[in-house]
**Q** 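One structure coming up, written as structure tokens, with questions to follow.
We name chains A, B, ... by the order of the sequence lines, and we start the count at 1 in each one.
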Amino acid sequence: MTIKYQPKEFEAKWREKWKTEGLYGTPLRSLNQRATLGAGKKKFYTLVELPYTSGDLHVGHWFSFTIPDILARFKRMSGFNVFYPIGYDAFGLPAENAAIKHNIHPKDWTLKNVEVMTKQFQTMGTMLNNWEDVVVTCFPEYYRWNQWIFLKMYERGLAYRGKALSNWCPSCQTVLANENIEMGKCWRCGTEVVQKEVEQWFLRITKYADRLLWARNPQGSGNANGVDWPKQVQVGQNNWIGKKEGINITYKVISNKDGSPEILSQLNSLSFRTLGQSKSDKKVNRKSFPQDQLKHPVSKNLGSPSIKVIDEITCFTTTPVNFGATFLVLAPEHPFVKKILTSKIKSDKTNFEKIIKYVEHSNKMTEEQRKIAEKDKTGVFTSFYAINHVTGKPIPIWISDFVLMNVGTGAVQGCPGHDYRDFEFAKKFGIPIPRVVTGPNGEKGPIEKKEDVVEHGGVMVNSDFLNGIPFSEAMQMTMDYFKEKGWGKRVVTYHLRDWSISRQRYWGTPVPMINCPNCGIVSVPEKDLPVELPYVVDFMPKGKPPLATNEKWMNVKCPNCGAKAKRDPETLDTFFDSAWYWYRYVSPHYSNGPFDKLRVNHLTPVDVYFGGSEHTLGHTMYARFFTKFFRDLGLVDYEEFALKRIQHGVVLGPDGNRMSKSKGNVINPDDVVAEYGTDTVRMYLCFMMPYEATGPWSDKTIQGVHRFLNRVWRMFQIYQINQKTENGSQNIRKSDKSDIQFSRFHPPSSSFSENKQLIAKLNKTIQKVTNDIEKIKMNTAIAAMMEFINAWEEIMQKLEGKRLRSQFGEEVKNEVKEKTHTSSPLNKTGIQTQLPLTISHAKDFLKILSPFAPHMTEEIWRNVFGEKESIHLSEWPKAKELVTETVTIPVQVNGKVRDLLIVNSELLIDEKKVTDLALKSEKVKKYLEGKKYKIIYVKGKILNLVVS
RNA sequence: GCCUGGGUGGCGGAAUUGGCAUACGCGCAGGACUUAAAAUCCUGUGGUCGCAUAGACCGUGAGGGUCCGAGUCCCUCCUCAGGCACCA
């Protein structure tokens with residue numbers, strides 16, 4: 001062992017040793033042998049989102065795996081049976097893109113990456129413990145169970161064939177992922193991408209919408225659904241599910257008897273009852289509707305010989321402010337629009353031209369583009385009118401792309417006085433904007449500016465029988481009223497849509513279905529699983545899915561009737577693969593089902609699930625969905641698969657930008673490991689920022705933790721108890737001056753003179769580190785250990801200094817100077833160093849550092865202290881409650897700190913004594929000067945004297 | 001736009017949840033050791049005014065409020081980052 005901290009000399013050695021000693025062997029094997037799985041230690045399942053097989057491991061992977069590794073190691077030392085596995089998410093588009101671009105088969109590309117990444121992962125020194133049984137989602141052994149799950153869903157009606165809008169390249173004849181669209185054009189051929197309805201497989205996740213909602217725990221523990229997940233996820237998912245209670249209102253669309261739309265003049269000539277006269281502020285009883293008050297002329301008009309009802313349009317709304325509804329807007333894909341386009345319903349000629357143009361234009365835009373609000377509202381008039389039920393007036397029907405077909409009913413009623421979006425639309429197209437709700441200060445004037453719009457709250461006005469009723473109550477009344485009148489139906493809608501899972505791609509799980517000319521869609525029988533992905537296909541897009549190019553694979557016999565049939569050439573979304581993988585981790589080679597129920601019962605739910613915040617809405621929700629489905633199958637007996645979720649941030653490049661090859665700001669972990677060693681990189685990733693934060697890599701700050709490890713390393717040289725130094729300092733290199741300088745802490749023999757203060761500090765540090773690891777605050781845990789080393793060094797220096805002074809008087813300085821010049825100064829002085837910590841104390845400190853710096857601590861543990869068994873199998877130290885003799889109490893006068901009192905612990909209870917002590921202080925006296933004052937004393941914390 | 005989370009020294013960030021703001025680290029300045037540099041070690045380091053290791057005042061995005069006491073709680077505003085389903 002050399003004095004200088006040179007991690008390269010031992011890090012690889014220990015990793016090798018740990019492997020041969022089976023230190024991180026998977027606990028799964030022993031599970032098999034155990035008679036009862038529940039016996040023995042408590043389990044702790046630490047899970048990190050499985051990495052995608054992109055090739056190079058980057059420093060972000062280190063970040064996401066190192067922090068959980070520290071928790072896992074800590075838990076193991078604390079007596080848990082820890083399961084900390086890994087696997088690879090191996091299917092997906094990038095593999096196929098690489099294939100297209102570089103002419104490598106996706107499988108070869110992926111497997112090569114698995115190999116490279118595994119090597120890199122292993123230099124991280126994590127205790128990941130399933131390398132022999134690593135799960136790779138592109139192996140048939142794995143995706144076989146994807147297919148099994150799909151079939152189970154199909155059996156239960158949860159998987160179905162449906163249509164959805166997709167990005168479509170008309171030239172390549174294929175569906176494109178968003179990432180394959182550049183400036184609205186296909187990445188390969190540059191053709192303009194359009195939205196096209198494509199038939200595909202869906203999972204009925206909407207059936208689980210209510211179960212996926214996060215409900216606050218009534219006990220107010222902060223937990224929801226019995227588990228501890230970030231609020232960000234709970235709120236985000238609930239918004240995404242978007243449960244809304246409202247009403248579907250059906251409007252009658254009218255035209256002339258001959259079908260021509262120009263009826264406005266006729267309508268105008270009809271007499272309408274004037275509504276909207278305020279009926280005082282008298283409250284209306286909810287229960288009694290003014291059944292007969294609204295005898296407006298609608299029904300009469302509808303009976304008019306010149307007008308007929310040609311269609312109905314249903315609008316969904318949560319806020320039926322219907323006295324203020326002055327128009328309807330349809331999505332460009334709305335069936336009514338289709339009827340106009342196909343001339344089933346004839347609109348005015350000039351409008352017809354405009355409508356065709358408008359719809360064409362909006363088809364080209366992706367939904368995402370359409371959602372970007374705040375741009376100018378656009379739209380065309382259909383030339384038709386609907387009748388507002390409560391005002392009896394005809395209101396124009398428009399088409400606009402701000403209305404999305406798959407939200408609600410694809411048609412909205414415009415109430416411009418109480419909705420900003422409707423207001424803008426009405427303003428732009430000159431549609432009336434009546435006020436039906438008072439403003440925050442009771443305003444009743446006309447609505448002219450955006451600021452006048454009232455979206456929530458207020459009291460109804462100009463609304464006939466609703467006048468004077470508060471907004472939300474009035475909405476409920478309106479809904480009840482419409483329901484009673486048969487004009488609408490109360491409905492619950494969800495923003496969540498069914499999950500489209502089929503991809504017209506090669507590199508994924510084949511959909512285990514067969515299209516038979518006689519029987520239609522037929523499941524592949526369970527016994528025939530897996531439907532293996534054929535190696536030979538043409539994965540250049542040519543108007544059909546790549547799998548369809550392998551005739552041999554495509555042609556099968558129908559399992560039902562034996563007729564010639566075709567396989568489904570589509571593959572499953574990779575989110576399907578990752579929606580249940582942690583169950584497979586538990587029994588990676590199990591062949592009687594997706595997983596071994598017995599093991600799953602023992603090891604799950606997952607105790608902590610680490611991952612990126614980018615999966616707030618996608619992956620984690622699908623994973624929860626699958627868990628609930630598994631519960632319904634009787635495979636698990638809980639609703640939530642992870643008891644706790646922690647989401648990490650991103651390590652940015654040194655320039656503060658996201659790391660990317662093109663920017664040249666990528667930190668390659670291999671490089672930094674070569675420079676500082678694994679332990680330093682691990683420590684730095686913990687120390688640089690909180691786990692949830694996002695921030696830049698710093699080449700400077702990493703040197704700080706390296707220095708820290710260096711100091712720890714050197715400190716432990718004192719405990720070099722196998723007396724190497726007795727035989728001279730042959731291990732000290734003469735050229736290495738810094739080592740020699742350090743050697744003033746390096747005595748030939750030592751005695752212990754325990755320092756109470758330092759031992760109290762050690763216990764505090766153990767406590768702090770223990771708490772911080774539990775809370776995943778690794779940065780402050782390291783800070784605490786740094787503080788401890790600072791204190792330790794300081795005391796060592798004092799001991800050293802004291803002794804030197806007493807022995808050599810004023811010549812200390814020269815002595816020290818001389819020491820640094822000689823190669824074996826200690827022999828010369830023959831100093832006996834007093835150590836403030838015993839070996840067992842020192843070991844405790846080493847233990848709490850070991851999850852962070854596993855290699856260095858192991859080296860010291862075994863080589864300095866001569867331990868036979870790994871430090872990582874040792875027991876986590878327990879902090880002792882040590883009562884410190886004195887406590888510092890700040891004394892404030894009028895809230896400003898004026899002095900610090902050092903008070904004996906026993907006196908803390910006694911307010912009088914503490915106050916008396918404070919009053920003796922000159923610094924405090926000065927501010928009191930015989931004035932009257934009030935005493936506020938918080939025991940053991942602070943004393944505040946308030947002068948009036 | 002909506003939602004979520006932030007704004008604290010030159011920088012990354014602490015602060016037992018209302019009790020000494022700036023722990024720990026980086027950087028910087030000075031010193032020791034070196035022919036020199038690197039490395040290492042020591043000292044200092046929020047701002048303003050002081051001969052100052054005397055002291056005073058000001059300081060946690062802005063403004064107001066509650067309180068003996070506010071980075072922390074309340075109100076109004078400014079601002080930044082992330083998310084908003086065929087992306088791993």
Side-chain angles (χ1 to χ4, degrees), chain A residues 4 49-54 89-95 164 166-167 175-180 198 200 230-236 238-240 367-368 371-374 420-421 495-497 499-505 573-575 578 612-619 621-622 649-650 684 687-690 692-696 698 700-705 707-708 710-711 714 736-742 768 771 777 779-780 782-787 790 793 797 813 816-817 820-821 888-897 900 933-936 938 941-947:
Chain A
K4 189 169 170 143
E49 279 166 5
L50 81 177
Y52 176 70
T53 48
S54 57
D89 184 18
F91 275 138
L93 208 49
S166 299
N167 300 316
V175 173
L176 294 175
N178 277 347
E179 72 162 21
N180 287 346
V198 179
Q200 46 197 300
K231 197 181 164 198
Q232 182 200 3
V233 177
Q234 293 177 25
V235 176
N238 279 0
N239 285 345
W240 191 252
E367 225 174 90
E368 219 29 63
K371 274 191 211 163
I372 301 166
E374 291 315 282
Y420 292 122
R421 209 183 39 190
H495 176 237
L496 183 72
R497 284 177 259 158
W499 174 15
S500 145
I501 47 160
S502 47
R503 302 286 178 269
Q504 288 69 35
R505 293 286 168 190
D573 181 4
T574 54
F575 276 119
S578 57
S613 46
E614 70 273 21
H615 292 128
T616 296
L617 295 182
H619 163 63
M621 195 134 95
Y622 299 140
V650 182
Y684 172 61
F687 187 64
M688 64 184 291
M689 59 188 181
E692 318 78 50
T694 291
S698 158
K700 287 287 184 190
T701 312
I702 191 171
Q703 291 176 29
V705 287
R707 257 172 234 157
F708 166 71
N710 217 336
R711 285 160 68 198
R714 289 168 179 201
D736 210 335
K737 287 172 185 141
S738 61
D739 291 348
I740 294 159
Q741 189 167 35
F742 166 75
K768 172 100 176 126
N771 292 342
K777 297 182 89 178
N779 54 336
T780 50
I782 292 176
M785 291 189 280
M786 285 173 164
E787 272 188 72
N790 288 347
E793 279 185 352
Q797 272 164 36
K813 214 178 167 191
V816 171
K817 201 165 183 177
T820 62
H821 283 286
T888 311
I889 301 285
V891 182
Q892 299 182 330
V893 179
N894 287 347
K896 284 197 177 175
V897 178
L900 299 175
Y933 55 85
K934 205 165 88 184
I935 300 164
I936 287 159
V938 182
K941 280 203 169 162
I942 202 160
L943 177 68
N944 193 5
L945 303 171
V946 186
V947 180

**Q** Whole-Å distance between B:G13 P and A:Met786 CE?
**A**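 Rounding to the nearest Å, CE of A:Met786 and P of B:G13 are 15 Å apart.
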**Q** In the strands shown, is B:G46 matched to any nucleotide by a Watson-Crick or G-U wobble pair with both distances under 3.5 Å, and which?
**A**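 In the structure as shown, B:G46 has B:C58 as its Watson-Crick or wobble partner.
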**Q** Is the A:Trp499 ring parallel, tilted or perpendicular to the A:Tyr622 ring (thresholds 30°, 60°)?
**A**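 Parallel.
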**Q** Which comes earlier along RNA chain B counting from the 5' end, the contact point of A:Gly704 or that of A:Thr694, where each point is its nearest nucleotide?
**A**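 Here A:Thr694 is the residue nearer the 5' end.
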**Q** Could you give the CG-to-P distance, from A:Asn771 to B:U17, as a whole number of Å?
**A**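 Rounded to the whole Å, the gap is 12 Å.
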**Q** Do A:Met786 and A:Val705 have side-chain heavy atoms sitting under 4.5 Å apart?
**A**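 A:Met786 reaches A:Val705 side chain to side chain.
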**Q** Does some side-chain heavy atom of A:Arg503 sit less than 4.5 Å from a side-chain heavy atom of A:Leu93?
**A**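 In short, these two side chains do not touch, never coming nearer than 4.5 Å.
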**Q** Hey, are the side chains of A:Thr780 and A:Lys768 touching, using non-hydrogen atoms and a 4.5 Å cut-off?
**A**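 Sidechains of A:Lys768 and A:Thr780: in contact.
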**Q** Suppose you measure atom C1' in B:A56 against the same atom in B:G6; what distance do you get, rounded to whole Å?
**A**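 My reading of the C1' atoms in B:A56 and B:G6 gives 35 Å.
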**Q** What's the base orientation of B:G50: syn (chi within 90° of 0) or anti?
**A**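 Because its glycosidic torsion lies within 90° of 0, B:G50 adopts the syn conformation.
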**Q** Which nucleotide, in any strand shown, forms a Watson-Crick or G-U wobble pair with B:C41, with both distances under 3.5 Å?
**A**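 Paired with B:C41, as far as the under-3.5 Å criterion goes, is B:G31.
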**Q** Scan every strand shown for a Watson-Crick or G-U wobble partner of B:G12, both distances under 3.5 Å, and answer none if you come up empty.
**A**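 Partner of B:G12: B:C24.
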**Q** Checking side-chain polar atoms at under 3.5 Å, does A:Glu49 have a donor or acceptor matched by the opposite partner on A:His619?
**A**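 Per modelled atom types, A:Glu49 and A:His619 side chains form no pair under 3.5 Å.
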**Q** Once you round it to whole Å, what is the distance between P of B:A14 and CZ of A:Phe687?
**A**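 These atoms are roughly 10 Å apart.
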**Q** Considering Watson-Crick and G-U wobble pairs with both distances under 3.5 Å, what does B:G5 pair with?
**A**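 Result: B:C80.
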**Q** When you match A:Ala693 and A:Arg707 each to their closest nucleotide on RNA chain B, which lands nearer the 5' end?
**A**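 Looking at RNA chain B, the more 5' nearest nucleotide goes with A:Ala693.
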**Q** In whole Å, what is the span from the NZ atom of A:Lys941 to the P atom of B:A15?
**A**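 For the pair A:Lys941 NZ and B:A15 P, the rounded distance is 15 Å.
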**Q** When syn is taken as a glycosidic angle within 90 degrees of 0, is B:G9 syn or anti?
**A**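 Syn, since the glycosidic angle lies within 90° of 0.
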**Q** Please report, rounded to the nearest Å, how far the P atom of B:G18 is from the CD1 atom of A:Ile936.
**A**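 Result: 17 Å.
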**Q** Counting Watson-Crick and G-U wobble pairs only, both distances under 3.5 Å, name the nucleotide matched with B:G63, or none.
**A**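 Answer to the pairing question: B:C75, which forms a Watson-Crick or G-U pair with B:G63.
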